[in-house]
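Below you'll find the structure, written out as structure tokens, and then a few comments.
Quick note on labels: first sequence line is chain A, next is B, and so on, each numbered from 1. Owing to the predicted nature of the structure, the values given are computational and were not obtained by experimental measurement.
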Amino acid sequence: MAKIPFQAARGTRDLYPEDLVLVRHLERTARNLARSCGFAEIRPPLFEETRLFRRSLGESSDVVDKEMFSVPRRGEAQGDSYTFRPEGTAGVARAYVNGGFAARAPLQKWFYLGPMFRYEKPQKGRERQFNQFGVEAFGSPSPILDAEVVDLAMRFFEALGFGAELEVRVNTMGDAADRDLWRARLAEYFEPQLEQRCADCRQRFQRNLFRLLDCKQAQCIELNAQAPRLKELLGGASAAHFAGFLEAMRALGRQPVEDAGIVRGLDYYTRTVFEVHYPQLGARSALCGGGRYDGLVEEVGGPPTAAVGFAIGFTATELALAELELPPAAQLADLHAELAPEVFLVAVTDEDRLPLLGLAGHLRAALGVPVLLDYRDKSFKAQMKEAGKSGARWAVLLGPDERAAGEVVLRDLQSRSEERVAQEDLAGRIAGATAQA
RNA sequence: GUGGGUGUAGCUCAGUUGGUUAGAGCACCAGAUUGUGGUUCUGGGGGUCGGGGGUUCGAGUCCCCUUACCCACCCCA
């Protein structure tokens, strides 16, 4: 490859107009769906004080341990460093507290769209900057809310065209007390068998006990079969919550798959946790993760507040869509039509260029549609070529004859038919024809 | 952080056992007589063969280093 002085930073990519067609489609789908469920958009800053993430995600999480994009502060006292958000929940919870919602309007259902940052080694389906769609609902411990949140995630993928194989896997992490008990039991159970387990598991035993449960090594899977199950240690309130959640899911017509291996990587989860999978995609089938985090708001300085949410990564979603050949060709063509101009103005001679510029301004103001013309001194014929290639519906031709008569030639580039139209009637004529079609 | 693969025009790739001025398709630009597009034809611009070093009479082709990207592991969206 030729020597290029600069390139996009590792793990980042440029989204060109062509790429944004799909991104906007995802965002539009997310916005419409979220709004229909009563979620309002929120946009917290892209970076926060580092300690917010340390506190909320947990010191031992991989994200905090080695994946943070942090920048030192300068000249501002000895403040904490800043970190570009590796996920959305912590910042949204912080915003909830700062906005004083706990006191004035505790029930809030919010969603966000935007980039997240993790300092990881990039590979397929993983970037250092990636977009997420997430929702967070604060102020209710009701399992009905959990179910509605999960349902929203499912509907997002359904709206994009994912088929009936879409699957939601659920589990419960219990509350803090349940988890302490479970952690102790697991430690007792795992310790004597460490010798027989894989090296990764011996590492995990120190770092994050729960992760031993979703190890993929054959011998570890076997050993996990007899491991103490949280479900059996669950306190009454947590058990009732999980049962209520499953019931609400059924009321929504969902059949969640219970999977004790769903153990999310961040510390803040309590009770309900879930992932949306599309098994057809194999190893990369997880498209969405989320759950309840009743302790987080308090953790970041607010009053005890129940909350539940999820995050969907667009990188994985885009990969999955490509795999499934979605959106279908016809819809994709419609989406790409956004890039095409409506009208392309063509000058027959150089003397027609300035009058055409005036006409362009007039049409843009009157119609509010994209109107293009040539800026490269192309010949009349070349301009026609460009008009055709641009995907414009209409070509408007202006030559000396038309100029003398105060008219233009309006050509329909699809039907190849054309007519002469008075310049003052042009906008109305185009608007009329478009409305008819 | 660990391991593997790849790196030739904007894009997708050819380049024989190392041998003269490095090619194709697509894209781009311009023409194919007088004011009309998407097909076709002709012509054109564009590459220090990722970078550095070495072997050789001679390297895109062999060796070493380096860098970027990709893929897998870890972990996750």
Starting at atom [atom1] of [X], determine the distance to atom [atom2] of [N], rounded to an integer number of angstrom.
{"X": "A:Leu319", "N": "B:rC76", "atom1": "CG", "atom2": "C1'", "answer": "14 Å"}
{"X": "A:Gln129", "N": "B:rC76", "atom1": "CD", "atom2": "C1'", "answer": "17 Å"}
{"X": "A:Glu127", "N": "B:rC75", "atom1": "CD", "atom2": "P", "answer": "21 Å"}
{"X": "A:Glu120", "N": "B:rG1", "atom1": "CD", "atom2": "P", "answer": "13 Å"}
{"X": "A:Glu351", "N": "B:rG35", "atom1": "CD", "atom2": "P", "answer": "13 Å"}
{"X": "A:Arg118", "N": "B:rC74", "atom1": "CZ", "atom2": "P", "answer": "17 Å"}
{"X": "A:Tyr16", "N": "B:rG10", "atom1": "OH", "atom2": "C1'", "answer": "10 Å"}
{"X": "A:Arg85", "N": "B:rC76", "atom1": "CZ", "atom2": "P", "answer": "20 Å"}

Would A:Phe380 pass as stacked on B:rG35, i.e. its ring centre under 5.5 Å from the base's six-membered ring centre and planes under 30° apart?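 Ring-base stacking flag not set for A:Phe380 and B:rG35.
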
Does the side chain of [X] get closer than 4.0 angstrom to OP1 or OP2 of [N] through an N or O atom?
{"X": "A:Gln123", "N": "B:rA72", "value": "yes"}
{"X": "A:Arg211", "N": "B:rC76", "value": "yes"}
{"X": "A:Arg10", "N": "B:rC69", "value": "yes"}

Do the non-hydrogen side-chain atoms of [X] and [Y] ever get within less than 4.5 Å of each other?
{"X": "A:Arg13", "Y": "A:Glu127", "result": "yes"}
{"X": "A:Gln414", "Y": "A:Arg393", "result": "yes"}
{"X": "A:Arg292", "Y": "A:Pro143", "result": "no"}
{"X": "A:Phe210", "Y": "A:Arg179", "result": "yes"}

Say we look at [N] and [M]: how far apart would their [atom1] atoms be, to the nearest angstrom?
{"N": "B:rC74", "M": "B:rG58", "atom1": "C1'", "value": "48 Å"}
{"N": "B:rU8", "M": "B:rG46", "atom1": "C1'", "value": "14 Å"}
{"N": "B:rG19", "M": "B:rG44", "atom1": "P", "value": "27 Å"}
{"N": "B:rU17", "M": "B:rU56", "atom1": "C1'", "value": "16 Å"}
{"N": "B:rC49", "M": "B:rG7", "atom1": "P", "value": "15 Å"}
{"N": "B:rC29", "M": "B:rC64", "atom1": "P", "value": "45 Å"}
{"N": "B:rG5", "M": "B:rC41", "atom1": "C1'", "value": "43 Å"}
{"N": "B:rG15", "M": "B:rA24", "atom1": "C1'", "value": "10 Å"}

Do any N or O atoms from the side chain of A:Asp412 and from the backbone of A:Arg416 form a donor-acceptor pair under 3.5 angstrom?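 No, A:Asp412 side chain to A:Arg416 backbone: no donor-acceptor pair under 3.5 Å.
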
Can any side-chain N or O of A:Asp259 pair as donor or acceptor with the backbone N or O of A:Arg169 at less than 3.5 Å?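 No: the side chain of A:Asp259 does not pair with the backbone of A:Arg169.
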
Under-3.5 Å donor-acceptor pair between [X] side chain and [N] base:
{"X": "A:Glu318", "N": "B:rA77", "answer": "no"}
{"X": "A:Gln414", "N": "B:rG37", "answer": "no"}
{"X": "A:Arg126", "N": "B:rC75", "answer": "yes"}
{"X": "A:Glu418", "N": "B:rU36", "answer": "yes"}

In dot-bracket form, how is RNA chain B paired, counting a Watson-Crick or G-U wobble pair only if both its distances are under 3.5 Å and using | for bases paired to another strand? (((((((..((((.....[...)))).(((((.......))))).....(((((..]....))))))))))))....

From [options], pick the nucleotide closest to the side chain of [X]?
{"X": "A:Lys121", "options": "B:rU2, B:rG37, B:rG35", "answer": "B:rU2"}
{"X": "A:Lys124", "options": "B:rG35, B:rC71, B:rC70", "answer": "B:rC71"}
{"X": "A:Met384", "options": "B:rC76, B:rG35, B:rG37", "answer": "B:rG37"}

What does [X] touch in the nucleic acid at a heavy-atom separation under 4.0 angstrom: a base, only the sugar-phosphate, or nothing?
{"X": "A:Ala316", "result": "sugar-phosphate"}
{"X": "A:Glu402", "result": "base"}
{"X": "A:Glu87", "result": "nothing"}
{"X": "A:Asn131", "result": "nothing"}

Ion pair A:Glu120/A:Lys66, N-O distance below 4.0 Å: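 No, no charged N to carboxylate O under 4.0 Å.
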
Salt-bridge criterion met for A:Glu48 and A:Arg85 (N-O under 4.0 Å):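 Looking at A:Glu48 and A:Arg85, the cut-off is not met.
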
A:Phe69 and A:Phe84 aromatic centres sub-6.0 Å: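 No, they do not, as the ring centres are separated by 6.0 Å or more.
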
Given A:Leu345, A:Leu410, A:Val346, the one that forms side-chain contact (heavy atoms from CB on, under 4.5 Å) with A:Leu397: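 Only one option passes, and that is A:Val346.
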
Could I get a table of every N or O pair under 3.5 Å where one atom is in the protein and the other is in nucleotides 26-30 of chain B?
unit_1: B:rC28; atom_1: OP1; unit_2: A:Lys389; atom_2: NZ; d: 3.2
unit_1: B:rC29; atom_1: OP1; unit_2: A:Arg376; atom_2: NH2; d: 3.2
unit_1: B:rC29; atom_1: OP1; unit_2: A:Lys378; atom_2: NZ; d: 3.1

Mind running salt bridge (charged side-chain N to carboxylate O under 4.0 Å, His left out) on A:Arg429 and A:Glu419 for me, showing each step along the way? CA-CA 11 Å; A:Arg429 192 77 190 70; A:Glu419 60 179 321; 2.5 Å; yes

Would you kindly compare A:Pro122 and A:Phe314 by the position of their nearest RNA chain B nucleotide and give the one closer to the 5′ end?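 Taking each residue's closest nucleotide, the earlier one in sequence belongs to A:Pro122.
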
Out of the candidates A:Phe314, A:Phe39, A:Tyr112, A:Phe310, only one should pair with A:Phe133 under the ring-ring contact (aromatic ring centres under 6.0 Å, His included) rule; please name it.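 Filter result, single survivor: A:Phe310.
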
